[in-house]
Amino acid sequence: MTVSRHLGLLSAALAAGALALGYSLAGLPLWPLPILGGGLLWVVGGARGWGRIFAWGVVACALLAAVGLAQAVGFGWMLLALVAAVTAWDLDRFAQTPASPGRAPAAAGRVEGARQMERRHLQRLGLVNLAGLSLGAAAFLLQTRLHFMVVVLLLLLAAWGLSQAVTYLRRESR
Amino acid sequence: MSRPWLLIGLIYLLFFLSLVTLNGAYLALALPLMAYLLAALLFGPDELQLTVRRTLHADRYLEDTPLTVHLTLSNQGSLLERVWVEDVLPPDLSPAEGATSLLTSLAPGQSASLEYTVHARRGSFDFNPVQVTASDTLSLFRRQVTLSAPTHISILPNVPRLRRLAIRPFRTRGTAGPIPARVGGTGVDFYGIREYQLGDPRRRINWRVSARHPRSLFTNEYEQERIADVGLILDARSETDVCRGRDSLFEHAVRATAALAQHFLNEGNRVGLLVYGRTLDWTFPGYGRVQRERILQALARAQTGESQIFDKLEYLPTRYFPAQSQLVLVSPLSREDAPPLVRLRARGYQILIIRPDPISFELAALPADAAVDLAKRILRVEQRLLRQKLLQAGIQVVEWQVDQPFDQAVHASLGRMPHWFRAVGLEP
């Protein structure tokens with residue numbers, strides 16, 4: 001097992017743990033146990049290489065975080081859980097690519113500088129996570145009331161962003 | 001669902017929840033996902049400006065010779081954090097050593113190279129374009145290009161060496177060569193005696209005969225030896241081929257044809273080749289090394305096939321071969337092949353058939369039981385009848401069990417007898 005794979009499983013456990021702890025601290029005793037069970041399944045499935053378990057994991061984590069926010073669970077735990085889930089999902093993907101040093105050579109072909117690639121990937125992911133956590137926390141702490149027109153503008157911006165993303169993805173998948 | 005779609009879906013779900021519940025925390029929760037997406041977009045690859053060059057040491061190889069392929073990919077664009085290069089091999093080439101794909105990162109102006117060795121069976125191959133996929137390190141967005149690097153290689157059949165073969169076409173060409181021309185003149189082999197003519201060298205006078213005829217002199221004549229036109233015909237009809245796992249009788253026939261072509265060309269003859277199967281692949285007759293190469297290239301691309309027109313030898317185009325020349329057919333033969341061959345012989349062609357034995361070839365892969373034995377006996381009888389029919393028509397047939405060296409089989413039937421052997425009339 002490589003560093004990425006270890007970190008991926010650790011992140012999955014962290015995501016499930018953060019969710020469970022958040023729900024527990026918010027006084028919702030029915031939630032933590034199933035969440036921890038799901039987390040265990042996620043980690044075991046990930047270690048055994050079950051296909052798409054990490055994708056399902058990140059979706060479940062996002063949904064649980066959303067539900068948690070509705071149930072007045074602490075934002076910090078939900079943010080941490082979501083960032084950890086995205087990290088696990090990303091590292092699982094990285095561990096499957098040939099750049100991962102633990103991959104079998106036959107499946108991988110030849111890889112030049114696998115260690116450097118892994119290091120660069122972890123650095124980039126760390127920076128992205130740090131930025132995400134900082135932005136999320138800052139956005140949560142600095143909540144302001146926006147004028148209706150600003151909200152409309154933001155909505156239009158979001159719609160434009162979505163259309164740009166869809167156009168890009170369609171062009172790429174062609 | 002692809003990874004970008006999943007991420008965008010989650011972001012918009014949180015956006016939607018934020019708007020519906022008018023709760024900014026959902027929006028704040030979407031920010032790490034957006035940061036991930038933005039980082040991937042920011043560092044994602046630009047338009048790929050790559051060039052690829054594939055080099056081989058030669059464009060022709062012999063069968064079973066490992067060939068080394070060298071692939072160089074150069075980046076003329078911006079930094080590519082992850083580049084996956086894959087050289088997809090044609091189906092009949094199998095990698096022997098080294099990897100056919102490479103994952104690397106390429107700075108602007110940098111190159112990466114890939115070297116691998118493949119084993120190839122006989123054939124004519126065009127390499128596929130090279131597939132290149134580039135992405136950032138998060139691997140969320142990719143760009144894929146197919147780069148053309150046209151490379152063609154011919155894997156020529158192995159050519160076994162043959163000892164001297166005796167063929168006697170009805171007509172030879174004007175130039176001196178190794179084939180008895182059925183014409184008296186200067187040569188090595190005794191041909192006959194004729195009355196002395198002015199200018200005949202004295203050493204040729206047959207004094208014994210002359211002594212019996214006091215008033216005249218007689219001189220010995222020798223058989224002229226010249227080159228000839230040899231037309232090789234390779235039977236590539238699917239119905240006459242027999243396959244045994246990956247081995248096929250046709251491959252042996254191809255090697256035999258290559259050996260015959262090389263032998264006849266080395267002796268100075270004019271040789272042409274017709275591959276008779278799905279289509280007619282005709283190599284115009286010629287001499288020497290260039291013609292040898294042309295024939296080997298034609299044999300490299302020869303494949304068995306089916307055709308409604310050429311499923312019988314009826315349509316063997318005789319106009320390709322000079323009248324009364326030597327034809328050599330390499331074929332396992334089918335039952336219906338005797339009449340057209342007999343007709344061909346009647347038109348004045350000297351025909352030699354090299355027959356790779358399909359029965360023994362197929363039997364090697366079958367279990368030894370009573371049914372197989374009975375089938376073998378029936379087929380042998382049929383084979384004997386076919387052979388007899390051909391021999392009666394004056395067609396030479398050389399049976400070749402392909403597990404035996406071709407030279408050995410052909411030399412036993414066509415090897416030239418020593419002079420003294422022929423002198424006492426034991427020539428076959």
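The figures here come from the full heavy-atom set of this structure, side chains too, leaving out hydrogens, waters and symmetry mates. All chains are named by letter (A, B, ...) in the order of the sequence lines, taking the proteins before the strands, and each is independently numbered beginning at 1. Just so we're clear, the structure is a prediction, and the values are computed from it rather than from any experiment.
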Asker: Shortest non-hydrogen contact from R82(B) to M117(A)?
Answerer: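 That closest heavy-atom pairing would be CG-SD, 4.3 Å.
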Asker: Which donor-acceptor pairs under 3.5 Å do the side chains of residues 151-159 of chain B make with protein atoms, sequence neighbours left out?
Answerer:
unit_1	atom_1	unit_2	atom_2	d
T151(B)	OG1	R54(B)	NH1	2.8
T151(B)	OG1	A149(B)	O	2.9
H152(B)	ND1	F125(B)	O	3.3
H152(B)	ND1	D126(B)	OD1	2.9
H152(B)	NE2	S124(B)	OG	3.1
S154(B)	OG	Q297(B)	OE1	2.7

Asker: State, with a plain yes or no, whether a side-chain heavy atom of W84(B) is found less than 4.5 Å away from one of V111(A).
Answerer: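 The answer is no, as the side chains (C-beta and beyond) never meet within the 4.5 Å cut-off.
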Asker: Near E362(B) CD, under 6.0 Å, is it more than 12 heavy atoms from other residues, nucleotides or ligands?
Answerer: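 At most 12 heavy atoms, drawn from other residues, nucleotides or ligands, come within 6.0 Å of this atom.
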Asker: Measuring only between side-chain heavy atoms, which start at C-beta, is E112(A) closer than 4.5 Å to L102(B)?
Answerer: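 E112(A) vs L102(B): side chains touch.
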Asker: Step by step, would you call R110(A) with L114(B) a side-chain contact (heavy atoms from CB on, under 4.5 Å)?
Answerer: CA-CA 8 Å; R110(A) 189 159 70 82; L114(B) 188 64; 4.1 Å; yes
Asker: Could you look at Y12(B) and say if it's the side chain, the backbone, both or neither that has a heavy atom under 4.5 Å from chain A?
Answerer: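 The answer is the side chain of Y12(B).
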Asker: Answer yes or no: does atom CG of L33(A) have more than 12 heavy-atom neighbours from other residues, nucleotides or ligands under 6.0 Å?
Answerer: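 No - once you tally the heavy atoms of other residues, nucleotides and ligands closer than 6.0 Å, there are 12 at most.
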Asker: Can you say whether T100(B) sits under 4.5 Å from chain A via the side chain, the backbone, both, or neither, judging by heavy atoms?
Answerer: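 Neither the backbone nor the side chain of T100(B) comes within 4.5 Å of chain A.
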Asker: Within a reach of under 6.0 Å around CD of E293(B), are more than 12 heavy atoms found that belong to other residues, nucleotides or ligands?
Answerer: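 Counting other residues, nucleotides and ligands, CD of E293(B) exceeds 12 neighbours.
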Asker: Which residues, numbered in order, of residues 119-136 of chain A come under 4.5 angstrom of chain B by heavy-atom distance?
Answerer: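 Against chain B, the residues of residues 119-136 of chain A that fall inside the cut-off (heavy atoms, under 4.5 Å) are R120(A), H121(A), R124(A), L125(A), V128(A), G132(A), L135(A), G136(A).
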Asker: Can you pull out the residues in residues 18-37 of chain B with any heavy atom less than 4.5 Å from chain A?
Answerer: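 Contacts with chain A: L19(B), G24(B), A25(B), Y26(B), A28(B), L29(B), L31(B), P32(B), L33(B), A35(B), Y36(B).
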Asker: Check this for me: Q76(B), atom CD, are more than 12 non-hydrogen atoms of other residues, nucleotides or ligands nearer than 6.0 Å?
Answerer: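 Yes - once you tally the heavy atoms of other residues, nucleotides and ligands closer than 6.0 Å, there are more than 12.
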Asker: In terms of heavy-atom proximity below 4.5 Å to chain A, should E86(B) be classed as side chain, backbone, both, or neither?
Answerer: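 It is neither, since no heavy atom gets under 4.5 Å.
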Asker: Is there any residue in residues 59-72 of chain A with a non-hydrogen atom under 4.5 Å from a non-hydrogen atom of chain B, and which ones are they?
Answerer: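 Contacts with chain B: V59(A), A62(A), L63(A), A65(A), A66(A), L69(A), A70(A).
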Asker: Could you walk me through whether L140(B) and R93(A) pass the side-chain contact (heavy atoms from CB on, under 4.5 Å) check?
Answerer: CA-CA 10 Å; L140(B) 201 64; R93(A) 171 73 183 186; over 6 Å; no
Asker: Rounded at 0.5 Å granularity, tell me how far CD in Q116(A) sits from OG1 in T104(B).
Answerer: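 That separation rounds to 9.5 Å.
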Asker: State, with a plain yes or no, whether a side-chain heavy atom of L138(B) is found less than 4.5 Å away from one of F94(A).
Answerer: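 Heavy-atom side-chain distance check fails, nothing below 4.5 Å.
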